[in-house]
Trainee: 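Starting off with a structure, shown below.
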Amino acid sequence: MPSQTAILDAHYMARALQLARLGQYSTHPNPRVGCVIVRDGEVVGEGWHVRAGEPHAEVHALRQAGERAKGACAYVTLEPCSHHGRTPPCAEALVKAGVTRVVAAMQDPNPQVAGQGLRRLAEAGIEVASGVLEQDARALNPGFLKRMEHGLPFVRAKLAMSLDGRTAMASGESQWITGPAARGAVQRLRARASVVLTSAESVLADNARMTVRADELGLDAETTALVLSRPPLRVLIDGRLRLPLNAPFFQAGPSLVVTAAAPDPRYAEAGHELLCLPAGDGRVDLPGLLDALAARGVNEILLEAGAGLVGAFAQHGLIDEYQLFVAGTFLGSQARPLLDWPLANMSEAPRLKITEMRAVGDDWRVTAIPLPAAGV
Ligand SMILES: NC(=O)c1ccc[n+]([C@@H]2O[C@H](COP(=O)([O-])OP(=O)(O)OC[C@H]3O[C@@H](n4cnc5c(N)ncnc54)[C@H](OP(=O)(O)O)[C@@H]3O)[C@@H](O)[C@H]2O)c1
């Protein structure tokens, strides 16, 4: 039987995680973090991190608690920071406020923190604990953790497909395979990403802008405003610079264009950044692109393209999660597949773990995670 303390710790940490989730659309490149301060069984302070450069969750919660933080327990979804970044260290703020116990869901893998925040608290005589609801805390920040632990962003590939696994007609037509509820879910996936990554092919085929559309988000006014205050960076892979600068994609705001072609000053003149990243085969260097985006502090990428580019990412082993929206229709055998990925034998077929399946309007949403290849 879990102890009374363990039950209460899980209860208050669940609330802190709920608060952290409020930052899902706005904290990057920082992690989403929530904090709850409890004294004598009463919640005296709550806070969540809203935006990079603004106070951390602990600071908001301590401000709300005021004097009542003395002798209290602070629940934080990520180890309090110990370094001077854009804001002063939260470990110091907790010590100063006089809390007597700090419970973290997980240690911060950021090398600038990595256990030092908890150590600093323990040195100050504060009782510390870590690992409460750790799996949930990790699930909140897949991009931040991947970047800190592996130096890469988290890549989430979204595809809409028919029941026969097709993603576009042979003509390139693909609007709309799924219904409005699924499209709303895709808008929210865009909104939480640091980067929306697509290809010139897909943008040309769909005349797409790849922006976040406020009216399709299905979020309240305050959250929508938060989303629009930091829209994801739109990144276009255009190996041969075929998408004209007067396309709606470019008219919709600044973007990053990644190419295998030679530099062209017209992009900068039009307000877009051009990154030349040729691979040996005359195409864009996809692993190199992920390195470059991680170096810019990109946590989560939403990859929204067709069978060619998503297939290339899959073959390079660069996809962390698939979000497949499945519609009750057949597009037929001439339509484009889910992935351009020729496989000859069952032994080559990658395995995935389906972690979730849920109805979204009339469609189904499947979340699947690639499993490591056998023997790896
Ligand atoms: N159902 C859906 O969810 C969905 C989503 C998006 C798009 N679509 C549809 O999909 C169709 C487009 O699919 P598509 O396969 O023609 O295009 P795509 O997958 O969007 O993009 C293909 C492009 O990706 C780049 N690429 C491919 N392999 C690469 C590699 N190994 N390394 C680097 N770059 C690589 C190439 O760009 P360069 O040629 O520039 O080098 C290639 O032309 C459209 O009809 C669109 O409507 C469907």
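Sequential numbering from 1 along the given sequence is applied to the chain's residues. Here the structure is a predicted model, which is why all the values come from computation and not from measurement.
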Trainee: Without hydrogens or angle criteria, can the side chains of S162 and D164 be said to hold a donor-acceptor pair below 3.5 Å?
Mentor: yes
Trainee: Which heavy atom in V298 sits nearest to a heavy atom in S194, and how many Å separate them?
Mentor: CG1-CB, 3.8 Å
Trainee: Is the backbone of G288 close enough, under 3.5 Å, to the side chain of D285 for a donor and an acceptor to pair up by distance?
Mentor: yes
Trainee: In chain order, what residues pass the ring pair (Phe, Tyr, Trp, His ring centres under 6.0 Å) check against H49, with sequence neighbours excluded?
Mentor: H56
Trainee: Which heavy atom of L331 sits nearest to which heavy atom of A168, and what is that distance?
Mentor: CD1-N, 4.2 Å
Trainee: Sub-3.5 Å donor-acceptor pair from the side chain of T178 to the main-chain atoms of A160, do we have one?
Mentor: no
Trainee: List the atom pairs, donor and acceptor, that lie under 3.5 Å between side-chain atoms in residues 184-192 and the rest of the protein, sequence neighbours left out.
Mentor:
| from | atom 1 | to | atom 2 | distance (Å) |
| --- | --- | --- | --- | --- |
| Q187 | OE1 | R213 | N | 2.6 |
| R188 | NH1 | G184 | O | 3.4 |
| R188 | NH1 | L217 | O | 2.7 |
| R190 | NE | E304 | OE2 | 2.6 |
| R190 | NH1 | T211 | O | 2.6 |
| R190 | NH2 | E304 | OE1 | 3.2 |
| R190 | NH2 | E304 | OE2 | 3.4 |
| R192 | NE | E300 | OE1 | 2.9 |
| R192 | NH2 | E300 | OE1 | 3.3 |
| R192 | NH2 | E300 | OE2 | 2.9 |

Trainee: First locate atom CG of D40, then atom SG of C73, and finally report the distance between them rounded to the nearest 0.5 Å.
Mentor: 11.5 Å
Trainee: Is the closest side-chain heavy-atom distance between I237 and L289 below 4.5 Å?
Mentor: yes
Trainee: Here's one to test your reading of the geometry: is the NZ or CZ of R358 within 45 degrees of the ring axis of W364 and under 6.0 Å from its centre?
Mentor: no
Trainee: Does a side chain donor of either T367 or Q323 reach within less than 3.5 Å of an acceptor in the other side chain?
Mentor: yes
Trainee: I want to check something: taking the side chain as every heavy atom from C-beta on, are R365 and L324 in contact at a cut-off of under 4.5 Å?
Mentor: no
Trainee: Apply salt bridge (Lys or Arg N to Asp or Glu O under 4.0 Å) to K70 and list each qualifying residue two or more places apart in sequence or on a separate chain.
Mentor: E67
Trainee: For residues L256 and H272, determine if any side-chain heavy atom of one lies less than 4.5 Å from a side-chain heavy atom of the other.
Mentor: no
Trainee: The criterion is salt bridge (Lys or Arg N to Asp or Glu O under 4.0 Å); which residues satisfy it with D291, sequence neighbours excluded?
Mentor: none
Trainee: Taking only residues two or more places apart in sequence or in another chain, which ones pass salt bridge (Lys or Arg N to Asp or Glu O under 4.0 Å) with R63?
Mentor: none
Trainee: Restricting to pairs with a member in residues 331-340, which pass side-chain hydrogen bond (donor to acceptor under 3.5 Å, both in side chains), not counting sequence neighbours?
Mentor: R336-D340
Trainee: Identify each donor-acceptor pair in which a side-chain atom of residues 115-130 lies under 3.5 Å from a protein atom, sequence neighbours left out, and give them as a table.
Mentor:
| from | atom 1 | to | atom 2 | distance (Å) |
| --- | --- | --- | --- | --- |
| R120 | NE | E92 | OE2 | 2.5 |
| R120 | NH2 | E92 | OE1 | 3.3 |
| E127 | OE2 | R101 | NE | 3.2 |

Trainee: Check this for me, if you would: do D320 and R156 make a salt bridge, where the nitrogen-to-carboxylate-oxygen distance has to be below 4.0 angstrom?
Mentor: no
Trainee: Applying salt bridge (Lys or Arg N to Asp or Glu O under 4.0 Å), name anything that partners E149, two or more places apart in sequence or on another chain.
Mentor: R138
Trainee: Under a 3.5 Å threshold, yes or no: a donor from one side chain and an acceptor from the other, between T223 and D220?
Mentor: yes
Trainee: Taking the side chain as every heavy atom from C-beta outward, state whether S255 and L236 have any pair of such atoms under 4.5 Å apart.
Mentor: no
Trainee: Only pairs under 3.5 Å count here: list side-chain donor-acceptor contacts from residues 273-283, not counting sequence neighbours, and write none if there are none.
Mentor:
| from | atom 1 | to | atom 2 | distance (Å) |
| --- | --- | --- | --- | --- |
| E273 | OE1 | R296 | NH1 | 3.0 |
| E273 | OE2 | R296 | NH2 | 2.7 |
| D281 | OD1 | R283 | N | 3.0 |

Trainee: Could you see if F313 belongs to whatever hydrophobic cluster contains V366? Use Ile, Leu, Val, Met, Phe, Trp, Tyr and a side-chain cutoff under 4.5 Å.
Mentor: yes
Trainee: Taking the side chain as every heavy atom from C-beta outward, state whether I301 and L290 have any atom pair closer than 4.5 Å.
Mentor: yes
Trainee: Less than 6.0 angstrom from the centroid, inside 45 degrees of the normal: does R234 satisfy that with respect to the ring of F249?
Mentor: yes
Trainee: Looking only at non-hydrogen atoms, find the nearest pair between L140 and R32 and report the distance.
Mentor: O-NH1, 2.9 Å
Trainee: Please test R21 against Q24 for side chain to side chain donor-acceptor pair (under 3.5 Å), starting from the C-alpha separation and ending with a verdict.
Mentor: CA-CA 5 Å; R21 252 172 237 122; Q24 68 176 308; over 6 Å; no
Trainee: Which pairs, with at least one residue in residues 194-203 and sequence neighbours excluded, count as a salt bridge (charged side-chain N to carboxylate O under 4.0 Å, His left out)?
Mentor: E201-R242
Trainee: Taking the side chain as every heavy atom from C-beta outward, state whether L159 and L339 have any atom pair closer than 4.5 Å.
Mentor: yes
Trainee: Using the six-membered ring wherever Trp is involved, compare the ring planes of Y267 and F250 and label them parallel, tilted or perpendicular (cut-offs 30° and 60°).
Mentor: perpendicular
Trainee: Give me the atom names and distance for the closest heavy-atom approach of D363 to G328.
Mentor: OD1-N, 4.4 Å
Trainee: Between R147 (side chain) and P29 (backbone), is there a donor-acceptor pair under 3.5 Å?
Mentor: yes
Trainee: Checking the side chain of H316 only, and the main-chain atoms of A312 only, is there a donor and an acceptor separated by less than 3.5 Å?
Mentor: yes
Trainee: Do M106 and L145 have side-chain heavy atoms sitting under 4.5 Å apart?
Mentor: yes
Trainee: Could you report the tightest heavy-atom contact between Q64 and G45, atom names first, then the distance?
Mentor: OE1-CA, 3.4 Å
Trainee: Can you list the residues that meet the side chain to side chain donor-acceptor pair (under 3.5 Å) rule with T198, with sequence neighbours excluded?
Mentor: none
Trainee: Do you know the tightest heavy-atom contact between A105 and A137?
Mentor: CB-CB, 3.5 Å
Trainee: Going by an N to O cut-off under 4.0 Å, is there a salt bridge joining E54 and R51?
Mentor: yes
Trainee: Return the set of residues passing ring pair (Phe, Tyr, Trp, His ring centres under 6.0 Å) with H60 (not counting sequence neighbours), or none when no residue passes.
Mentor: none
